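A short worksheet on the structure shown next.
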Number of protein chains: 2
Amino acid sequence: MESLFQEVQVEKVSDKIVDQLCRLIQEGKLTPGHRLPGERKLIEMLGVGRSSLREALNKLETLGYIEIRKRKGIFVRSIDSTLQLDPLKKLIQEDQHKVVQLYEVRSDIEQASAFAAASAHTAADLETIRNHLNRFTEPSGALTFSWQHDLDFHCAIARASHNLFRVHATIGILDFAREFIQPILEGFALSATHSATIVEQHRAIYTAIAARDGAAAREEMKIHLDWTNQKLVEHLN
Amino acid sequence: MESLFQEVQVEKVSDKIVDQLCRLIQEGKLTPGHRLPGERKLIEMLGVGRSSLREALNKLETLGYIEIRKRKGIFVRSIDSTLQLDPLKKLIQEDQHKVVQLYEVRSDIEQASAFAAASAHTAADLETIRNHLNRFTEPSGALTFSWQHDLDFHCAIARASHNLFRVHATIGILDFAREFIQPILEGFALSATHSATIVEQHRAIYTAIAARDGAAAREEMKIHLDWTNQKLVEHLN
DNA sequence: CCAAATAACTGGTCAGACCATACTATACGA
DNA sequence: TCGTATAGTATGGTCTGACCAGTTATTTGG
């Protein structure tokens with residue numbers, strides 16, 4: 001009568017951790033480039049021993065979900081294998097102007113994000129986007145721009161479109177472009193006028209999405225990314 | 001003069017163990033079903049700590065080389081057991097309906113391809129597209145559909161948009177989706193009416209691009225992919 | 001000679017310690 | 001006041017030792 005019984009559940013602690021983090025990454029709660037707390041922090045947050053934690057992290061790294069950098073930290077990776085960007089990295093290093101082409105594709109996808117988000121978003125999605133938007137403005141009224149804030153904002157929109165692949169494609173591209181773009185972008189965004197323009201464009205996108213006006217959302221996203229791309233070109237020349 | 005030096009090799013102990021055992025398995029020194037010595041034996045045989053050993057074993061298990069059975073031992077696995085490691089593929093395997101989301105992103109990009117190709121294409125690009133289009137029609141007038149022909153046609157358009165990343169993304173997505181989609185698509189495309197519809201839609205896209213009408217090209221591409229996606233949904237339900 | 005009790009062994013987990021390096025903040029000097 | 005040097009902290013990598021809960025092999029008692 002052994003068929004009556006199922007094998008005793010002896011799921012390893014590390015497997016539970018793997019499951020938990022996997023889900024967080026797949027759902028987009030943990031976005032690529034995001035840095036996880038250190039191992040010592042994690043073990044007390046999760047209430048497990050360091051061996052189990054390390055076993056889980058090791059597995060996640062082997063599976064490609066995270067990247068563990070010695071003495072640097074634990075980072076979430078983009079799981080978008082469909083874009084296979086790595087081989088193209090050298091291409092950009094040889095000719096920086098090629099990032100413009102990459103940003104074109106980004107624009108393709110993000111315009112679709114904005115359009116879809118306008119009709120697919122929930123109240124919670126909208127709040128998340130608004131929160132990211134507000135982070136650009138400090139209580140004093142001063143504007144702060146950072147790559148991470150920008151990325152979070154755009155990802156929130158992709159997430160609001162409720163298409164997992166769009167989220168990962170977006171993050172994948174931005175994460176890939178980070179090393180080329182971040183210094184440039186944060187450089188000229190220091191200018192108050194540029195910062196103001198960006199925030200203004202972001203707000204326009206948000207407003208269109210909130211109004212569930214897909215066409216306008218797409219158009220505002222296009223305006224924003226065309227402008228950014230234009231600034232990029234100017235900087236490269 | 002730092003270029004004189006290369007970064008210090010800090011290969012992890014566990015990685016060395018992985019390499020060693022990998023080689024033994026690949027060379028056939030360790031055959032499937034073979035039971036390895038216990039962890040305590042292995043650490044003194046290899047002269048490493050248990051953490052490192054376990055880290056290595058864990059990785060080997062994730063990679064599919066060995067199987068660790070609690071309180072039973074460590075066993076070499078047969079390598080032919082198909083192991084799916086790609087996180088995104090796992091996602092789709094859990095829920096096939098997610099391919100629809102993937103195709104949505106494909107549509108985003110390919111609409112942009114069509115639009116851009118309309119204005120950016122050269123005479124040579126156009127000829128290539130036309131050639132791929134004609135391959136659907138046999139000299140006898142009969143229609144043949146194959147995944148490869150379809151892929152070639154769509155890639156030719158992406159290439160005509162003169163954006164390397166777009167080409168790469170398109171191929172990446174289609175190649176990734178192939179194993180899920182190909183059987184389905186080639187299945188219903190056997191129907192003469194479906195084949196005819198597809199070829200007709202392809203021709204419409206081509207015509208719009210040739211006429212350098214970007215808006216029309218985008219619209220025809222959208223019609224085509226929406227239709228395909230619709231058929232996909234119908235098949236999955 | 002067989003069955004029951006026991007010892008040895010298994011992988012899983014936790015804890016604590018140490019290492020080498022990277023980052024940060026503080027203090028000191030110009 | 002600014003910039004640099006230094007000390008302190010945080011990081012992942014490794015090792016050791018211990019305990020647990022089952023499994024397997026061995027020994028012991030009938």
Side-chain angles (χ1 to χ4, degrees), chain A residues 2 5-21 25 30 32-77 146-148 178-179 182-183 186, chain B residues 2 5-21 25 30 32-77:
Chain A
E2 40 192 330
F5 307 97
Q6 52 183 341
E7 200 174 328
V8 182
Q9 272 285 29
V10 272
E11 198 183 9
K12 291 198 291 183
V13 175
S14 61
D15 282 338
K16 291 187 188 172
I17 303 174
V18 168
D19 287 344
Q20 188 174 342
L21 292 185
I25 294 174
L30 288 175
H34 186 285
R35 180 180 170 179
L36 296 178
E39 295 187 351
R40 279 115 178 137
K41 289 270 166 53
L42 281 175
I43 64 175
E44 63 180 67
M45 289 167 67
L46 295 166
V48 299
R50 206 173 159 207
S51 320
S52 302
L53 197 251
R54 279 186 62 79
E55 204 150 295
L57 293 179
N58 201 39
K59 190 163 192 174
L60 284 167
E61 186 180 34
T62 308
L63 289 172
Y65 284 96
I66 63 173
E67 182 181 353
I68 302 175
R69 285 180 230 157
K70 211 174 176 177
R71 282 164 236 119
K72 297 284 179 62
I74 304 156
F75 300 85
V76 178
R77 277 184 44 169
S146 83
W147 174 272
Q148 190 60 48
R178 173 179 239 143
E179 65 178 281
Q182 184 170 14
E186 291 191 338
Chain B
E2 39 192 330
F5 307 96
Q6 53 184 338
E7 200 174 330
V8 182
Q9 273 285 26
V10 273
E11 197 184 8
K12 290 198 291 183
V13 176
S14 60
D15 283 338
K16 293 187 188 172
I17 302 174
V18 168
D19 287 344
Q20 187 173 340
L21 292 185
I25 293 175
L30 290 175
H34 186 287
R35 179 180 170 177
L36 296 176
E39 295 186 351
R40 277 102 178 156
K41 289 270 166 54
L42 281 174
I43 65 176
E44 63 179 64
M45 290 167 67
L46 294 166
V48 297
R50 203 171 162 210
S51 322
S52 302
L53 197 250
R54 281 185 62 77
E55 206 151 292
L57 293 178
N58 196 43
K59 190 164 191 172
L60 284 166
E61 186 182 34
T62 308
L63 291 172
Y65 284 97
I66 63 174
E67 181 182 353
I68 303 174
R69 285 180 230 156
K70 207 175 178 179
R71 284 164 233 122
K72 296 287 177 63
I74 305 156
F75 300 85
V76 179
R77 280 185 50 167

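Computed from a predicted structure; not experimentally measured. Side chains are part of it too, since the values below use all heavy atoms of this structure and drop only hydrogens, waters and symmetry mates.
Taking 4.0 Å as the cut-off between side-chain N and carboxylate O, A:Glu67 and A:Arg69 count as a salt-bridged pair. The pair B:Lys59-B:Glu61 fails the salt-bridge criterion, with no side-chain N (NZ, NE, NH1 or NH2) lying under 4.0 Å from an Asp/Glu carboxylate O.
The nucleotide whose nearest atom lies closest to any side-chain atom of B:Val13 is, among D:dT14, C:dT10, C:dG12, D:dT14. The listed nucleotides are D:dG13, C:dG11, D:dC15; the one nearest the side chain of B:Glu39 is C:dG11.
Between A:Lys12 and A:Ile17, every side-chain heavy-atom pair lies at or beyond the 4.5 Å cut-off.
Between the side chain of A:Arg35 and the main chain of A:Lys72, a donor-acceptor pair closer than 3.5 Å is present. The backbone N or O of A:Asn58 sits less than 3.5 Å from a side-chain atom of A:Thr62, completing a donor-acceptor pair.
Going from atom CD1 of B:Ile43 over to atom P of C:dT10 covers 11 Å, rounded to whole Å. The CD1-C1' distance, from B:Ile68 to D:dT23, rounds to 17 Å in whole Å. C:dC9 atom C1' lies 14 Å from atom CD of B:Glu44, rounded to whole Å. To the nearest angstrom, P of C:dA17 lies 13 Å from CZ of A:Arg50. Between the CZ atom of A:Arg69 and the P atom of C:dA22 there is a distance of 14 Å, given to the nearest Å. Separating the NZ atom of B:Lys41 from the C1' atom of D:dT24 is a distance of 13 Å, rounded to the nearest angstrom. Atoms CG (A:Asn58) and C1' (D:dT14) sit 13 Å apart, rounded to a whole Å. One atom, NZ of B:Lys70, and another, P of D:dC20, lie 15 Å apart when rounded to the nearest Å.
The phosphate of C:dC9 has neither OP1 nor OP2 within less than 4.0 Å of any side-chain N or O from B:Arg71. The side chain of A:Arg40 contributes no N or O atom lying less than 4.0 Å from OP1 or OP2 of D:dT11. Using a 4.0 Å cut-off, some side-chain N or O of A:Ser52 falls inside it from OP1 or OP2 of C:dC14. Contact between the side-chain N/O atoms of B:Lys12 and the OP1/OP2 oxygens of D:dG13 is found at a separation under 4.0 Å.
In terms of position along DNA chain D, the nucleotide closest to A:Gly73 lies nearer the 5' end than the nucleotide closest to the other residue of the pair B:Arg35 and A:Gly73. Judged by closest nucleotide on DNA chain D, B:Leu53 is the one of B:Lys72 and B:Leu53 placed further toward the 5' end.
Residue contacts for B:Arg54: at a heavy-atom cut-off of 4.0 Å it reaches a base atom on one of the strands shown.
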